[in-house]
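One structure below.
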Amino acid sequence: MLDLEQVLDSGLQQAKAGWKMGSFGAIAQFCYRRGATPPAVTAPLTQITDLGGIRISQLAGVQAVAYEMLSPKVNRWTQALALCLPLDDALMHRRATLTELGADTHALRAQDQDGILFDLGLAQPQLDFCIRTADPHLLEILRANQGRAIMDPENPAMDAIIASHPHRVTLTRVGRIEVYQNIGGAGADGTAPDGPHTHIFYKMLRLGRSHAANTPIPEGWVPCCELYPESPVEGPMGADKDFDPAAFDAFQQLLQTWGAADYLAAKSDCWAALDAHQEPASLTEPATRVGRTGLRNGLRQWRRIHGDSPLLDRWCTVFDPKSVGGG
């Protein structure tokens, strides 16, 4: 069995890994810039760069959930390790208006601990989405508009925040992510900024969800932090890459330890059948959505590992038609 704390510590030292703390519509992501070397870790489960930082402060009661999901690109899949808590334990303050919280005495860097935290009031289940500033002009505007909804079109606070680029600080029951680099939207091609960044999607926020409906988190549990280890099929900025067996095998270890049993069984069954040169009629489609995802991803992964074959295309025709021929 893998040790969760060791896995997380290793993830913080992986240049191509990424982290997320957020809800469905408000997220902070910590990752390294392309080509950057992670600095030496100076505190447990903490990493800090000049652009942002992350701290995982507690794991009591946490259930790790490793999962793979289907990608719209049929030569790929996605993967993550979620740190989950029961809903009641995961809930944060769910403030609905701009609220001053005082000095951020738990800031990752000593130089930021006098900065003033403001909860933006996004009212998300497992996340307090905050900003931190010591800018007198911005503080004046924020204090003058406390108690108002940040999304109120008559509220000048958001325009002042975007113009001032304060630190963004996301707080959950397992830790925090801080983002120091300037606020910036996705590029013209839809890619996210390089390095730590945040996103707020107002239409998604209105749904009040803790996570996307198709994310395979067990009923009654909420993801408070997610680790995205290096993908075996996708580069850091979303481009295709040659299949990386080492990255694939590394995540399969996490999946074997913390993955869903029906997902693992479906993938194992289809691989065994393909290895034995059996036809798709030899396998009954899984009864659960998670199992069916395991079967479809199993076929996609078999192609990346073993290459194309007429037998594989017959399997895909039955169970994953869009991936016939590799898409």
Side-chain angles (χ1 to χ4, degrees), residues 1-4 6-20 29 31-32 34-35 37-38 64-83 214-217 223 225-277 283 286 289-309 311-313 315-316 319-320 322-327:
M1 291 288 289
L2 297 174
D3 178 81
L4 180 58
Q6 290 180 2
V7 167
L8 300 177
D9 183 67
S10 175
L12 288 170
Q13 300 174 55
Q14 294 173 13
K16 296 180 180 179
W19 299 78
K20 182 183 81 174
Q29 293 180 282
C31 54
Y32 301 103
R34 285 172 290 174
T37 299
V65 177
Y67 63 87
E68 295 172 330
M69 293 178 63
L70 293 163
S71 169
K73 297 189 175 183
V74 297
N75 62 333
R76 298 184 185 180
W77 55 93
T78 63
Q79 59 186 33
L81 179 69
L83 305 181
N214 63 341
T215 306
I217 301 300
C225 177
E226 292 184 83
L227 163 62
Y228 297 90
E230 179 182 1
S231 169
V233 292
E234 181 180 344
M237 299 302 288
D240 284 337
K241 75 175 191 180
D242 292 338
F243 181 69
D244 184 337
F248 179 76
D249 291 343
F251 189 76
Q252 297 313 296
Q253 293 183 50
L254 305 186
L255 201 60
Q256 288 294 325
T257 303
W258 293 299
D262 46 352
Y263 182 94
L264 293 168
K267 192 160 76 166
S268 176
D269 288 348
C270 89
W271 283 357
L274 285 164
D275 193 48
H277 305 286
L283 187 71
R289 180 178 184 175
V290 170
R292 291 190 293 272
T293 299
L295 172 56
R296 293 175 66 188
N297 272 336
L299 296 173
R300 297 179 183 198
Q301 292 169 358
W302 185 273
R303 190 182 300 276
R304 297 303 298 264
I305 296 168
H306 299 283
D308 298 331
S309 74
L311 176 62
L312 178 58
D313 278 343
W315 275 77
C316 291
F319 297 116
D320 193 23
K322 292 182 179 179
S323 70
V324 172

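None of the values given here were measured: they were computed from a predicted structure.
- Contacts of D262 classified as side chain to side chain donor-acceptor pair (under 3.5 Å), with partners at least two apart in sequence or in another chain: T288.
- Every residue two or more places apart in sequence or in another chain that forms a side chain to side chain contact (heavy atoms under 4.5 Å, CB included) with T257 is listed here: M1, L2.
- Every residue two or more places apart in sequence or in another chain was checked for a side chain to side chain donor-acceptor pair (under 3.5 Å) with Q253, and none qualifies.
- Identified under the salt bridge (Lys or Arg N to Asp or Glu O under 4.0 Å) test for residues 64-82, with sequence neighbours left out: E68-K267, R76-E234, R76-D240.
- Not counting sequence neighbours, the partners of K16 by the side chain to side chain contact (heavy atoms under 4.5 Å, CB included) test are E230.
- In this structure S10 satisfies the side chain to side chain donor-acceptor pair (under 3.5 Å) test together with Q14, sequence neighbours excluded.
- Not a single salt bridge (Lys or Arg N to Asp or Glu O under 4.0 Å) links R289 to another residue, sequence neighbours left out.
- Partners of D249 by side chain to side chain contact (heavy atoms under 4.5 Å, CB included), not counting sequence neighbours: none found.
- Residues satisfying the side chain to side chain donor-acceptor pair (under 3.5 Å) test with D313, not counting sequence neighbours, are R303.
- In plain terms, the two heavy atoms of H277 and L311 that are nearest each other are CA-CD2, 3.7 Å.
- Ring geometry for F243 against F248 counts as tilted: the plane angle lies between 30° and 60°, on a 0 to 90° scale.
- In this view, E226 and K20 satisfy the salt bridge (Lys or Arg N to Asp or Glu O under 4.0 Å) rule, not counting sequence neighbours.
- Proximity of the aromatic rings of Y67 and Y263 is defined here by a centroid distance below 6.0 angstrom, and this criterion is not met.
- Residues satisfying the ring-ring contact (aromatic ring centres under 6.0 Å, His included) criterion with Y32, sequence neighbours excluded, are F30.
- Residues passing the ring-ring contact (aromatic ring centres under 6.0 Å, His included) test with W315 are F319, sequence neighbours excluded.
- Smallest separation of non-hydrogen atoms from W77 and R304: CZ3-CG, 3.8 Å.
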